[in-house]
Protein chains: 2
Amino acid sequence: MRDEVDDLVEAWGRERGDLDLAPVEVFSRISRLARHLDLARRDAFTAHGIESWEFDVLAALRRAGSPYELSPGKLLRQTLVTSGTMTNRVDRLTARGLVERLPDPKDRRGVLVRLTIEGKAAVDGAFEALLAAEADLLADLPGKQRTQLAGLLRSLLAPFS
Amino acid sequence: MRDEVDDLVEAWGRERGDLDLAPVEVFSRISRLARHLDLARRDAFTAHGIESWEFDVLAALRRAGSPYELSPGKLLRQTLVTSGTMTNRVDRLTARGLVERLPDPKDRRGVLVRLTIEGKAAVDGAFEALLAAEADLLADLPGKQRTQLAGLLRSLLAPFS
DNA sequence: GGCAAGTGTCTTGATGTCGAGATATATCTC
DNA sequence: GAGATATATCTCGACATCAAGACACTTGCC
């Protein structure tokens with residue numbers, strides 16, 4: 001089985017045969033898979049009426065557990081966006097009724113963002129759809145290889161933490 | 001060795017123990033690695049005075065081989081951006097003297113984008129820096145496992161082509 | 001040859017994100 | 001306890017991208 005990256009490596013090999021292209025074999029595939037994955041995510045979420053950026057925020061709140069509250073600061077660190085972006089996102093999610101802003105009782109500078117009932121329902125439905133779509137993409141890979149793949153990826157990712 | 005995704009899966013497991021989170025173990029790692037990779041790329045390129053989007057365009061031309069020419073249409077298909085974006089990018093690369101626009105002798109609607117001498121030098125230097133940075137990230141992974149990982153990723157990526 | 005449909009590139013307007021700065025409150029140091 | 005520094009959030013301007021449409025030329029068909 002041949003993929004896009006085999007073509008890419010072949011082209012580079014023709015032009016720069018002097019270089020060791022082994023890293024491309026791994027990292028180019030990771031980048032491309034991530035891009036395809038984004039599209040698959042988008043499709044899965046569209047069916048549930050939410051967008052990827054909305055899921056990112058709602059999922060962080062959902063994972064926090066009851067009462068599903070986090071500060072904007074914690075949210076932006078989990079989702080890797082800047083503070084201006086998070087303000088904008090929370091504004092739009094509030095307008096849609098999926099989250100609400102409350103004053104933080106412990107810190108008068110602060111605010112808490114809380115999932116509403118509607119927000120919890122939306123993120124739970126979307127997450128199930130996402131898992132189903134992702135399971136499809138993995139369908140051809142035997143369980144053993146899946147575990148192996150997860151393990152290899154973990155050893156690449158761990159140094160970043 | 002534990003990574004960010006182990007925490008993520010643990011949190012979801014607490015809240016949604018009813019779901020099979022196996023896909024997250026693979027795809028969440030792929031997305032996160034892609035993000036870290038983007039940052040590493042950016043750093044490697046910054047040292048060579050170019051940006052990631054510039055590399056994407058220049059590299060496509062470089063891979064095409066001498067005389068390093070492609071139409072804007074081919075470029076945008078290879079880099080997965082829209083035509084408006086490619087016009088803007090070629091404009092800026094032209095202003096920097098890294099590419100030039102020529103009329104396509106075969107089709108008077110068309111244009112060819114060609115790498116300049118400076119552009120070729122820039123992309124070659126940047127590509128070597130990228131490979132070096134990526135090789136670092138792979139340093140802890142034995143060659144055998146690296147090949148195995150590339151193979152597993154290929155089987156996930158191949159269906160998209 | 002001439003008209004219709006197709007192709008290639010560029011233009012324009014809308015939008016989401018970033019980054020820097022502003023404001024308010026908290027915490028630390030002496 | 002007062003002043004200085006740090007933290008939390010929001011505001012605002014700049015900018016890269018996208019999507020749709022405009023325009024020019026080419027190709028296919030009668």
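Every chain is numbered from 1 and lettered A, B, ... according to where its sequence line falls, protein lines coming before strand lines.
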## Note on the structure
Counted 5' to 3', the first and last nucleotides of DNA chain C within 4.0 Å (strictly under) of a heavy-atom of chain B are C:dG6 to C:dT11
### Message
Which is more 5' along DNA chain D, the nucleotide nearest B:V81 or the one nearest A:L76? Just name the residue.
### Response
A:L76
### Message
To the closest 0.5 Å, what do you measure between CD1 (A:I30) and CG (B:L33)?
### Response
5.0 Å
### Message
Is it the case that the side chain of B:D43 and the backbone of B:A40 share a donor-acceptor pair, with hydrogens and angles ignored and the cut-off at 3.5 Å?
### Response
no
### Message
Please classify the nucleic acid contact of A:G73 as base, sugar-phosphate, or nothing, using heavy-atom distances under 4.0 Å.
### Response
sugar-phosphate
### Message
By nearest heavy atom, map A:T85 and B:M86 onto DNA chain C; which one lands nearer the 5' end?
### Response
B:M86
### Summary
Nearest heavy-atom approach of B:R35 to A:T79 is NH1-O, 4.5 Å
### Message
Below 4.0 angstrom, which residues in residues 87-108 of chain A have at least one non-hydrogen atom near DNA chain D?
### Response
A:T87, A:R101
### Qualifying residue, where the test is salt bridge (Lys or Arg N to Asp or Glu O under 4.0 Å) with B:E54 and the options are B:R62, B:R96, B:R89, B:R41
B:R96
#### Entry: A:I117, CD1: over 12 other non-hydrogen atoms inside 6.0 angstrom
no
#### Entry: Residue pairs involving residues 5-27 of chain A (criterion ring-ring contact (aromatic ring centres under 6.0 Å, His included); sequence neighbours excluded)
A:W12-B:F127
### Task
Tell me which residues in residues 40-71 of chain B put a heavy atom below 4.0 Å from DNA chain D, sorted by number, or none.
none
### Query
Which distance, rounded to the nearest 0.5 Å, do you find between the CG of B:L112 and the CG of B:L61?
10.0 Å
### Query
So, for B:L75 and B:V57, which heavy atoms are closest and what is the spacing to 0.1 Å?
CD2-O, 4.0 Å
### Message
Is it the case that over 12 heavy atoms from other parts of the model lie below 6.0 angstrom from the CZ atom of A:R101?
### Response
yes
### Query
Are A:F55 and A:W53 grouped together when hydrophobic residues (ILVMFWY) are joined by side-chain heavy atoms under 4.5 angstrom apart?
yes
### Summary
One should read off an interatomic distance between B:L137 CG and A:L156 CG, to the nearest 0.5 angstrom, of 8.0 Å
### Query
When rounded to the nearest 0.5 angstrom, what distance separates CG in A:L153 from CZ in B:R32?
13.0 Å
### Task
Calculate the interatomic distance between A:R109 atom CZ and D:dT11 atom P; express it in whole Å.
17 Å
## Note on the structure
Here the side chain to side chain donor-acceptor pair (under 3.5 Å) pairs for residues 64-74 of chain B, sequence neighbours left out, are B:E69-B:R114
### Message
Need the bend value for the helix from C:dG1-D:dC30 to C:dC30-D:dG1: angle between end axes, 5 pairs each end, nearest 10°.
### Response
20°
